[in-house]
Structures are given as structure tokens and as C-alpha cells.
Amino acid sequence: MSIPKELYPTEDDLPYEEEILRNPFSLKQWWRYLVARADAPFTKRRVLYERALQALPGSYKIWHAYLRERLELVRNLPINHSLYQALNNTFERALVTMHKMPKIWIMYLVSLTQQKLVTRTRRTFDRALCALPVTQHDRIWEHYLVFVSQRGIPIETSLRVYRRYLKYDPSHIEDLLEFLLNSELWQEAAERLAGVLNDDRFYSIKGKTKHRLWLELCDLLTQHATEISGLNVDAIIRGGIKKFTDEVGRLWTSLADYYIRRKLVEKARDIFEEGMTTVVTVRDFSVIFDAYSQFEESMLALKMEEMSDSEVEDEGTNGEVGAEEDVDEEDDRLNVAKLEKKLKEFWLNDDKDIDLRLARLEHLMDRRPELANSVLLRQNPHNVEQWHRRVKLFEGNPTKQILTFTEAVRTIDPMKAVGKPHTLWVAFAKLYENHKDIANARVIFDKAVQVNYKTVDHLASVWCEWAEMELRHRNFKGALELMRRATAEPTVEVKRRVAADGNEPVQIKLHKSLRLWLLFVDLEESLGSLESTRVVYERILDLRIATPQIIINYAVLLEDHKYFEDAFKVYERGVKIFKYPHVKDIWVTYLSKFVKRYGKSKLERARELFEHAVEQTPADAVKPLYLQYAKLEEDYGLAKRAMRVYDQATKAVPANEKLSMYEIYIARAAEIFGVPRTREIYEQAIESGLPDKDVKVMCLKYAELEKSLGEIDRARALYKHSSQFADPRSDPDFWNKWHEFEVQHGNEDTFREMLRVKRSVSASYSQTHFILPEYLMQKDQMQTLEEAKDVLKKAGIADDEMAALERQLVPPENGTKSKEESRVVGFVSAGVVESNGQKVTANNEDIELPEESDSEEDDDKVEIALKEVPDAVFGGLIRKRDEGDEAEDNSTAKNKDSDGPLGALERIKRRKQAAS
């Protein structure tokens, strides 16, 4: 066969041909030749590649380039084209020498995969794995798995490939599981997944947790229950229930679903019941209950459909069977097949059990509250409220209620109980009481009082309920006996035994329960005698558990039986036991009863009681006692003593009640001694340190009194005095009253004086905001006088001391000013202030600079200030000077007085002159 001319070398190829002839085994020359003919047709380049590979059959570079070009050539061709066969032959020739090159293998395998040559591709993959080292197998397996995952590959082939791959890399078992699930190989998938879960060293490369894998296994086992065998599904799912507590409900329903698919319906019901009685969360219970109810409904619907179909079939066969019944009636006894058929149609084997299924569904729905309550009790069996709710569920069924109460009192630990466990015992006993079984109710109470409750109050409540039950059935002696048992103090031996054990039950402290003693006292007052009641009251006082109300009740009891002195003794004991504010009611009752009883006959004793009461009473609660005391003096004593009591009351009550107390004092004094006598009280009130607003009110009332008595000048003086407390801008009512007063009783001069005072007060209030801060800044105080007062009050300083401090803040009026107060108010000094014609430096630490002058002579004449040196500086020189000439000292003193202080230099000069 002749070679086409275009395949022959051209003139341009001659240089390359000559080089190849000179060195035919040079890869560089062949590669230069191929690069130079990159634009040539593939047929010509194929000849060049073949010639190059004939000379260099082991060149990876040339083989790789050649195969790539051949792959590009067949890219867009159909897979049944003849060039694919040529391509495969080229790959086979290349692998003769390139069998260790994974890239060549991958190119070949990818090409075969695209050609859909299953057997040849599988064998080629196997050859590649055999040819390449193990370290490079991962590059081949990647494409191998892609190949076996394609459609059309036999499942057995793919499965065998995946099994081989797991031997190479067991960590990719999840890929096999995914393939098995996609291929519907449920048996092997379940076995492999169970093996994964049993492997503690397994780590999911896809990030799946053991919990998720468990759920996948459960779903797999339940959804394909009939197709999977050899695994203990029940044990697997129960293991998951114990291990994963957050999906308990789902796992229980999965297990029940497994048995339903296996057509074990009764077993599925048992699983549902077991699940509902073991879960501890309401969410899991709801999941199981909903699945259970849905299962029962579906079974009922299915049975109803089957029944309707069977009825249609029976109607067609009844006509035929009826004709033969008479003939075969005698032969049925000998026909075994017919006997078996009749046995199957017996009611025990009747498949038409719709009523039973319907009743089962209704029973399930009725049990839902009880089952839900059981779930809550499994969460906390010591929850008292849930046990009460459980008892209410069985209302109308005493047997179930008794069983529930019995279970509750056995289960609950009083020390761990949430709620009040004694209420269960009480409700249990009341259940028997409501059914007229008092004997058993007493047995329940007797057991209840022996329980070691958390607090004494719980045990006392049980005793009280027991006693009230006895009272309801008119067993009064039994109730009293119960109270005596309950309040009996344990013996010394019992206390010693309990102390040795170290665990003190509440029964030891029961005899100090106030609740029991109150009921005991009520029973004794109603059923017992006075003596027995007094014994109980005395016992309460001895135990130191009495309250003010008990004291009052005891005293009232004695008063009702005419034991007045004994009642007053009880009051005396009460006021000694209690302090304020608890003793307030005792004092009020005691004093009122004493005054009502004795009146004037024991006035001195009543006075002593009142004096003792007001001494112990705090200021905020003493006012009622003083009023009661004063009423005693007015009714049975002396009016002067009553006024003295009122006077003491005005000093004892707090500041906010002084005004009202003074008003009562004035009203009573006017009624007893007349209006003129109230002047002293008014003056005392005004000077007693009342708040400014109360002083103003008192002055106005005093002025009205004087005006009514015709003392116009005294009233005017009071208006003038109280004007300092009334700001014209905020209190126009005061000034209107004064204006009316002057219009009615004054003249032109007094009216002008009123206007002048008004302007003065208005100016003083308007200047307060500017002047007061100036004074306060001098003393390093606060910005306003009111704030200073508040701070002083909080510090506990009395009003008198506060007034003294206020006087210190205000500059003196006599014209004598201190050094700090000598500067003008409202004027900020620059450093020197003229005082009495002399310049005084305000700041002694400032440096006095000489005044500037334009002349140079003034600059040269600098005056040096001379300051006296202390005598201690010169030591012994001073003694010599003192022992010298007295005349010199006198003259020095005169010069000192006339010329002012001498400097140290001048004194030394004079001493030298005197020595010479």
C-alpha cells in the first residue's frame, strides 16, 4: 500500500529530519520536531508520534502527549466509532512500558468507563490495582467506585467491589451502607450497620453521630421487618432506649411498628403498654399514646372493611348452602372437616370482634389522664400535688382511691416531698370518714402521727384534723384526750434516747406547737372547766409560746368569771414578756379595763400604770396612751394633772404630731380653764421648735384668739412675727388675712408697716438664692441652707445645735466681723480688701510684686520687706542682750514701737554699736 504524499517530510522538515538522523534517540530533538509541527494534521503528527515511540518506547512524555491527542480526537464521537478501538489499542501498547504510571491508567480507565464496556473496564481496573503499588491505589479506587455506582452495573459486581474496597480502607463503610440501602439489600445493610454501632473505635467520616446511626438502624429494622432476619431486633432497640434517653418515645414506637409489620399485633400492644408505663417525659408519652391510638383506630377500620366484604360474600352463598343443610345434617357428625369448620366459627374464634376492638379503643382513651399522671409521678414520686390529682381521677371508685392513697403514703419520703405530705394522710382518713368508717379513719390518723415529717407544723396539722374529726362525730372526751396526748412533753428518758441517736424527730418538738395549744385552749373553754382552762393557759405561758392575743384571751376569760385581779396579773405578765409594737394592744386593753373596773378608787395605781406605759412606749405610738391618761385625770383626777399630762404629751410625740397634740391641749385647756389660759400654751407652742409651717398655723390661730378678745396690738404683733415664715409668692393666703385684719382694725401707719414687712420678707426670700450660697461657700458647706439642715438632721444633730450652726453661717449684726467674714458679700476679692482704711492681703501666700513705673529711678529703688526673726534663732545672744544695758533695750523697744519691726541686719548693727 502506497503512503500518501502529505505524510512525507517537506522541505521545512528537513532540518529536523537531519537532526533525528544524526541522533535518533534524543527526546529533545523529537519533542522539538513535534512542537514545530503542532499545527499539522493529526495523521501526520500520528506518524511522527509512532516514529518517536518506536525510537523511544519508554518516554512517558511522548506517550502522554500522544494519548491526550487521541482522546481529544474521539471526544465528540459516538462510543461505537472505530477510533475508540484504535484508542484502546494505543493504551494497551502504552501500558506495556507505562504500566507503573497511574496517570496513564486513569486516562485509560476513564475512557473505558465512558465507553460502557463493563467487563473490560472491570478487568482493566483489576489490572491497574495489580500493577500499581498500594500507596497509589486510592487514585484508582476513586474512579473504580464511580464506575460500579453507575446504572447498569450488576449489583453483585458492585457489592463485591465495595467489599474489596473495605479491605483496603475500612473507614469508608458508610459508602457501602449507602450503596446497600440504594440497592435495597436490607439484610446486609442491617448487619453492617449493627456492626458499626458495636465498634467502639468507629469514627464517621461523614459526621454522623452514634445517635443518628441508632435511629437509622431502628428505622431500617422496623420498616423492613419481614426482609431482615438473624438480628435480635427487640434487644437492639431496647439497648437504644437505655442509651439514648432523648428519643425514647420514638424508639418504643419503632419497636411496636416492628411487631406490627411482623403481624404480631398483641405483642405490639404489649410494647405500647410497656412504653407508656416506663417513659418519664410527657413528650415521649404523647408520642407513644398517639401512635397507640392511631394503631387501634387503623385496626378497627380494617376490621370493619373486612366485615363488610364478608357480609357481601355470605349473601351469595347462603342460598346454595340452605338447600344442602337438610341432606347433610345427619352426616355432619361423622364428617371431621365440617366439625373443624364449625369449631372455627365458634364465638371464641370469631373474627368479627369489632365491639371488642371498639371497647379497647375507648378504654385506652379513658386511661389517658391516669397514664399521663403516672408519667409525672415517675418524674418525681414525692410530688404531693400529683398524688392528689391521681386520687381525683378515681373519684367514684373508693377501692382505687384507697389503693392510690396507700401507694402514695408508702412512696413519699416526707423529707424529699414537694408540698405538704400530711395532706395525703388527712385526705386518706377523710375518705374513710366520708364512707362512715370512723374506726379505719382513726387507724389512718394513728399511723399519720407516727410519721417523721419535715416540720412540726405538719404533724400538728394531723393532730388538729384528728381532733376535729372527733368533734364532728361528737366524741368530745376523745378530742380532749387527743389534745392531751399531743401536748404532753416527752419524758427525760425519751429525750436522752433521741439525743443519743442524733436524729431528732418532730414528735419531740410537738409539745411546743402553738397551733395545738390554741385548739386545746378552745376545747377546754368550750368543754372543760375554768380550772382546766387556766392550767392550759399557764402551761402556754410557761413554754414561752404565748402571743399577745393569747394574753388578752386569758385575761378576758378570767374577767368573764369575775377574777379581775387575776386578769390584771395576766396583763402584767404580758407587758413584761412582749416589747413594742407587739405589746401595744395589751397596754391599751389593760389600761382601758383597769380604768373601767376601778375608776377613781385606785387612781394612784392607774397613774403608775400610765406612767409606766408611756415610759416604755416609743414616740410614734405614745399619743393614744397620753390621751387616755389625760382622759383619766379629767374624769377622776385633777385638771392641773390633766394639763400636765397634755404638756408632757406635746414634748413626747414626734414633730409631725405636735401640732395636732397642741390643738387638743389648747381645746381642753379652753374648755376647763377658759380661753385666756390658752395664751401660755400658744406661746409655748410657738417657741417649742415646731416646723415653720406649723408655727405659722399656730400664730394665725393665736392671732384670731387675740382678735376675738379685743387685743388688736397683740394680734398685729403675732402677724408680724409669723410673716417671716410666709413667702408672699407662695403663701398669699396669709397676707390676705393680714390685709383684711389691717383693713378692719388698723390705720394708715399700720397698713404701711404691713406693706413694708411684706416687701422686706419678699426681698429676703428673693435674696436667699444668692446670699446663702455665699455664706455657705465661706464655710465650705452646701449650696442651700435647707440642704445643710437635711444633712444635719440625717447626722442626728438636734434642732438646737442646728440653730447654733445656722447662726454661725449668718454674719453678725453688731458690725464686728471676723477675718474670714470681713470681705463684702457678693464681691470676689482680687487679693487686697480695704478694711478700716488699711490694706489687708486676703491671701497671705500671694507674692506682693512692686508696682510698675516708667522711670528708671523707681526701678533701682527696690524696697526689701523686713520680717522679724524668731528669738530661738539666736540662742545665747538673746541672753547676753537681756543682761546688757536696760536703757538700750528700752530705746530699742521704743524704736520698735515707733518705727515698726526691725530686720535682723539692723538689730545686729545696733548690738555692735552698743558693744563698742
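Shown here is D366, whose CG atom has more than 12 heavy atoms of other residues, nucleotides or ligands within 6.0 Å. Sparse packing is recorded around CD of Q54, with 12 or fewer heavy atoms of other residues, nucleotides or ligands lying under 6.0 Å away. Atom CZ of R68 sits in a sparse spot, with 12 or fewer heavy atoms from other residues, nucleotides or ligands closer than 6.0 Å. Environment of CZ in R123: sparse, with no more than 12 heavy atoms of neighbouring residues, nucleotides or ligands closer than 6.0 Å. Atom CD of E69 is surrounded by more than 12 heavy atoms from other residues, nucleotides or ligands within 6.0 Å. Heavy atoms from other residues, nucleotides or ligands lying under 6.0 Å from NZ of K392 number 12 at most. A 6.0 Å sphere centred on CZ of R212 holds no more than 12 heavy atoms belonging to other residues, nucleotides or ligands.
One finds a salt bridge joining E72 and R75 here, because a Lys/Arg side-chain nitrogen approaches an Asp/Glu carboxylate oxygen to under 4.0 Å. The residues R160 and E156 are annotated as salt-bridged, a charged nitrogen and a carboxylate oxygen being separated by less than 4.0 angstrom. Remark: K267 does not engage E274 in a salt bridge, criterion side-chain N to carboxylate O under 4.0 Å. Of the charged side-chain nitrogens involved, none lies within less than 4.0 Å of a carboxylate oxygen, so that E362 and R367 do not count as a salt-bridged pair. Electrostatic pairing of R46 and E50 does not count as a salt bridge here, judged by no charged N lying under 4.0 Å from a carboxylate O.
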Query raised in the report: Yes or no on salt bridge (charged side-chain N to carboxylate O under 4.0 Å, His left out) for D169 and R164, after CA distance, side-chain angles and deciding distance?
Result: CA-CA 9 Å; D169 188 1; R164 287 172 55 197; over 6 Å; no
**Report entry** Step-by-step salt bridge (charged side-chain N to carboxylate O under 4.0 Å, His left out) determination, E19 to R32
**Finding:** CA-CA 10 Å; E19 291 292 335; R32 286 178 59 191; 5.9 Å; no
Report task. Could you walk me through whether E92 and R127 pass the salt bridge (charged side-chain N to carboxylate O under 4.0 Å, His left out) test, one step at a time? Result -> CA-CA 11 Å; E92 291 293 342; R127 286 169 54 202; 3.1 Å; yes
Report task. For the pair E188 and R192, evaluate salt bridge (charged side-chain N to carboxylate O under 4.0 Å, His left out) and give the outcome as yes or no after the intermediate values. Result -> CA-CA 6 Å; E188 186 170 355; R192 292 278 185 176; 3.6 Å; yes
Report task. Apply side-chain contact (heavy atoms from CB on, under 4.5 Å) to N88 and L117, showing your working. Result -> CA-CA 11 Å; N88 295 339; L117 302 174; 4.3 Å; yes
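Looking at every heavy atom in both residues, A131 comes nearest to K100 through O-NZ, 2.7 Å. The heavy-atom pair separating L221 from A190 by the smallest distance is CD2-CB, 4.0 Å. Residues Q379 and T281 share a closest heavy-atom pair of NE2-CA, 3.6 Å. The minimum heavy-atom distance between V148 and S158, with the atom names listed, is O-OG, 2.8 Å. The two atoms that bring Q115 and I79 nearest to each other are O-CD1, 3.8 Å, heavy atoms only. When all heavy atoms are compared, the tightest approach of H99 to W105 is O-NE1, 2.7 Å.
Within the 4.5 Å cutoff, no side-chain heavy atoms of W252 are placed close to those of I237. At least one side-chain heavy atom of Y60 sits less than 4.5 Å from a side-chain heavy atom of I104. Between I260 and V265, the closest side-chain pair of non-hydrogen atoms is not below 4.5 Å. Using a 4.5 Å cut-off on side-chain heavy atoms (C-beta onward), K263 and T226 make no contact. You'll find the side chain of H143 stays beyond 4.5 Å of the side chain of T113, heavy atoms only. N383 places none of its side-chain heavy atoms less than 4.5 Å from the side chain of L376. Within the 4.5 Å cutoff, the side chain of L34 has heavy atoms near those of the W31 side chain. Side-chain contact between H137 and E142: absent, with no pair of heavy atoms (C-beta onward) separated by less than 4.5 Å.
From E297, atom CD reaches atom CG of L364 across 9.0 Å, with rounding to the nearest 0.5 Å. Between the CD1 atom in I62 and the CG atom in L27 there is a gap of 5.0 Å [rounded to 0.5 Å]. Taking CD of E174 as the start and CG of L193 as the end, the distance is 9.5 Å to the nearest 0.5 Å. Here CG of L87 is found 4.5 Å from OG of S111. Values are rounded to the nearest 0.5 Å. Between I140 atom CD1 and C130 atom SG the span is 11.5 Å, to the nearest 0.5 Å. The distance from the NZ atom of K116 to the CD1 atom of I153 is 7.5 Å, given to the nearest 0.5 Å.
When atom types are taken as modelled, the side chain of S59 and the backbone of L56 share no donor-acceptor pair closer than 3.5 angstrom. With R261 contributing its side chain and T222 its backbone, the two residues share a donor-acceptor pair below 3.5 Å.
No side-chain donor from either of T277 and R378 sits under 3.5 Å from a side-chain acceptor of the other. Residues R262 and Y258 bring a donor and an acceptor atom of their side chains to less than 3.5 Å of each other. No donor-acceptor contact under 3.5 angstrom links the side chains of Y259 and E266, judged on distance only. At a cut-off of 3.5 Å, with distance as the only test, no side-chain donor of D257 or S254 sits close to an acceptor on the other residue. Between R390 and N373, the side chains place a donor N or O and an acceptor N or O closer than 3.5 Å (distance only, hydrogens not considered).
The side-chain tip of R122 does not point at the ring of F147 from less than 6.0 angstrom away and within 45° of straight on.
For residues 355-389, the set of pairs meeting the ring pair (Phe, Tyr, Trp, His ring centres under 6.0 Å) definition, not counting sequence neighbours, is empty.
Residues that satisfy the ring-ring contact (aromatic ring centres under 6.0 Å, His included) test with Y84, not counting sequence neighbours, are absent from this structure. With sequence neighbours excluded, the residues satisfying ring-ring contact (aromatic ring centres under 6.0 Å, His included) with Y144 are F125, W141.
Aromatic ring pairs are classed by plane angle as parallel below 30°, tilted from 30° to 60° and perpendicular above 60°; the pair H224 and W186 is parallel.
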